[in-house]
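The structure appears below as structure tokens.
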Amino acid sequence: MAEGDSLVRSARKLRPVIDGRVILSASAPNLRSSLRTHAARLEGRRVESVETRGKHLLIHLDDGLSLHSHLGMNGGWRVDTGRGFGKPERNAWLLLEAEGADRPGTQGRVAQFGGTTLRLVRTVELARDTRLASLGPDILAANFDLEAAAVRLRSSPDQIGVALLDQKLVCGIGNIFKSEACFEAGIDPWRPAASLSRSPDGSDEAVRLLGIARRQMLDAVETGRRPGRIYKQTGRPCRMCRRSRVRSRGQGDDNRTTYWCPNCQR
């Protein structure tokens, strides 16, 4: 599933192309697109901002409308850099062309391929959307409060690996960074979240864990590279201790695979 870092990178790619510009044409070539009969409503509207909230991307338009996108496991936003999208346009859920495509150094075409959500709604309705309204603080937000988020994480009745994926506690973390952050922190993802300790000297396991996840994700935003020391390394020697092999098993009601080293993570 697309995690918070990939959404921020998508927003960064989209802003120079469509932010502040009028949409000249809009279509939904894919027959399965939920905007098949509504795409034309976007034409003539100006993009006012492109926003991310955890794993959700919002494109706000004038006249009080917004596009709400969630990419799920395999969706993605692409920008035409002059060589197309790298995928057949007939598969696009939404294809937009904005003014300014003829300016030197700019391109005016963007598209979403795949995803679980793509809808056009009144902006005021977003506040009533249960998925968005229930989101916890965004781990990649500039004003993210580590200590407040740590309190939320410890309040979970679930295991740490499950709690990190609970978007109602902290949003943006996905399966990759769940495993990678726990590994770097040396924390067993199978422990109860409530067991994350706070010491009189000021050390706080939950703060440290979330701080590591945030740093890893911010690095991924800037470089496009994610850590790969534990994720999908099942059966290979642990890169940290070289004494144990990486294990993996489904965790939580959603059975999301967790990767961990039984020697390094206690």
Side-chain angles (χ1 to χ4, degrees), residues 1-19 21 23 25-36 38-39 42 47 49-61 66-98 101 106-121 126 129 131-132 135 138-141 165 167 171-180 213 216-228 231-232 254 256-257:
M1 180 176 290
E3 303 191 26
D5 64 307
S6 61
L7 268 295
V8 172
R9 286 178 63 82
S10 292
R12 285 188 176 184
K13 290 190 298 183
L14 293 175
R15 287 187 185 111
V17 182
I18 62 173
D19 199 2
R21 299 186 181 182
I23 298 172
S25 66
S27 60
N30 194 312
L31 294 176
R32 297 185 299 161
S33 173
S34 56
L35 291 184
R36 183 74 176 171
H38 304 293
L42 299 170
V47 176
S49 63
V50 180
E51 174 193 3
T52 60
R53 298 184 195 176
K55 301 178 183 182
H56 301 260
L57 187 141
L58 303 170
I59 300 175
H60 300 298
L61 310 168
S66 293
L67 280 167
H68 175 201
S69 166
H70 191 291
L71 299 177
M73 293 294 292
N74 301 308
W77 280 93
R78 299 195 175 205
V79 174
D80 182 357
T81 60
R83 300 180 180 178
F85 296 110
K87 287 189 173 185
E89 293 186 8
R90 64 178 180 276
N91 294 336
W93 279 39
L94 180 65
L95 177 58
L96 302 176
E97 182 173 352
T106 66
Q107 298 292 331
R109 291 177 4 116
V110 303
Q112 178 178 323
F113 291 86
T116 58
T117 299
L118 181 61
R119 63 192 186 115
L120 180 64
V121 297
L126 294 176
D129 185 281
R131 291 171 296 176
L132 295 173
L135 289 177
D138 189 334
I139 194 167
L140 292 178
L165 295 184
Q167 303 299 294
C171 72
I173 301 175
N175 217 36
I176 295 174
F177 291 102
K178 169 197 74 176
S179 294
E180 293 289 344
Q216 289 179 344
M217 295 178 72
L218 287 172
D219 287 346
V221 168
E222 297 302 327
T223 66
R225 297 188 299 272
R226 291 167 164 175
Y231 184 72
K232 289 191 175 180
D254 293 335
R256 301 293 302 280
T257 303

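All values reported here derive from a predicted model rather than from experimental measurement.
Here the closest non-hydrogen pair linking Asp5 and Ala220 is OD2-CB, 3.4 Å. Arg21 and Ala98 make their closest contact through CB-CB, 4.1 Å (heavy atoms, listed as atom of the first residue, atom of the second, distance). Across every non-hydrogen atom of Thr116 and Gly72, the tightest pair is CG2-CA, 3.7 Å. The two atoms that bring Ala26 and Ala39 nearest to each other are CB-O, 3.3 Å, heavy atoms only. What you find for Ala213 and Ile173 is that their closest heavy atoms are CB-CD1, 4.3 Å.
A donor-acceptor contact shorter than 3.5 Å is absent between the side chain of Glu89 and the backbone of Asn91. Of the possible donor and acceptor atoms, one in the side chain of Asp138 sits under 3.5 Å from a partner among the backbone N and O of Gly54. Remark: the backbone N or O of Glu97 is not paired with any side-chain donor or acceptor of Arg109 at under 3.5 angstrom. The closest donor-acceptor contact from the side chain of Arg78 to the backbone of Phe85 lies under 3.5 Å. For the pair Ser33 (side chain) and Leu35 (backbone), a donor-acceptor distance under 3.5 Å is present.
If you take NE2 on His68 and CG on Leu57, they are separated by 9.0 Å, rounding to the nearest 0.5 Å. A distance of 9.5 Å separates CD1 in Ile139 from CZ in Phe177, rounded to the nearest 0.5 Å. To the nearest 0.5 angstrom, Leu120 atom CG is 10.5 Å from Ile59 atom CD1. Atoms CG and CD1, from Leu67 and Ile23 in turn, are 7.0 Å apart once rounded to the nearest 0.5 Å. Leu31 contributes atom CG, which lies 4.5 Å from atom CZ of Arg36 (distance to the nearest 0.5 angstrom). To the nearest 0.5 Å, atoms CD (Glu3) and CG (Leu165) are separated by 8.0 Å.
Using a 4.0 Å cut-off between a side-chain N of Lys or Arg and a carboxylate O of Asp or Glu, Arg12 and Glu222 qualify as a salt bridge. Ion pairing between Asp129 and Arg53 fails under the 4.0 Å rule for side-chain N and carboxylate O.
Contact annotation: the side chain of Leu71 approaches that of Gln112 to within less than 4.5 Å [non-hydrogen atoms, C-beta and beyond]. Side-chain contact between Val79 and Leu14: present, with at least one pair of heavy atoms (C-beta onward) separated by less than 4.5 Å. Between Asn175 and Tyr231, some side-chain heavy-atom pair lies under the 4.5 Å cut-off.
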Side chain to side chain contact (heavy atoms under 4.5 Å, CB included), that's the test. Do Met217 and Val8 meet it? Break it down for me. CA-CA 10 Å; Met217 295 178 72; Val8 172; over 6 Å; no
For Gln167 and Lys55, run side chain to side chain contact (heavy atoms under 4.5 Å, CB included): C-alpha distance rounded to whole Å, both residues' side-chain angles, the deciding distance at 0.1 Å, then the answer. CA-CA 9 Å; Gln167 303 299 294; Lys55 301 178 183 182; 3.8 Å; yes
What verdict does the side chain to side chain contact (heavy atoms under 4.5 Å, CB included) test give for Val50 and Trp77, after you've listed the backbone C-alpha separation in whole Å, the side-chain angles of each residue and the deciding distance to 0.1 Å? CA-CA 12 Å; Val50 180; Trp77 280 93; over 6 Å; no
Test log, rule side chain to side chain contact (heavy atoms under 4.5 Å, CB included), inputs Leu126 and His60: CA-CA 11 Å; Leu126 294 176; His60 300 298; 3.8 Å; yes
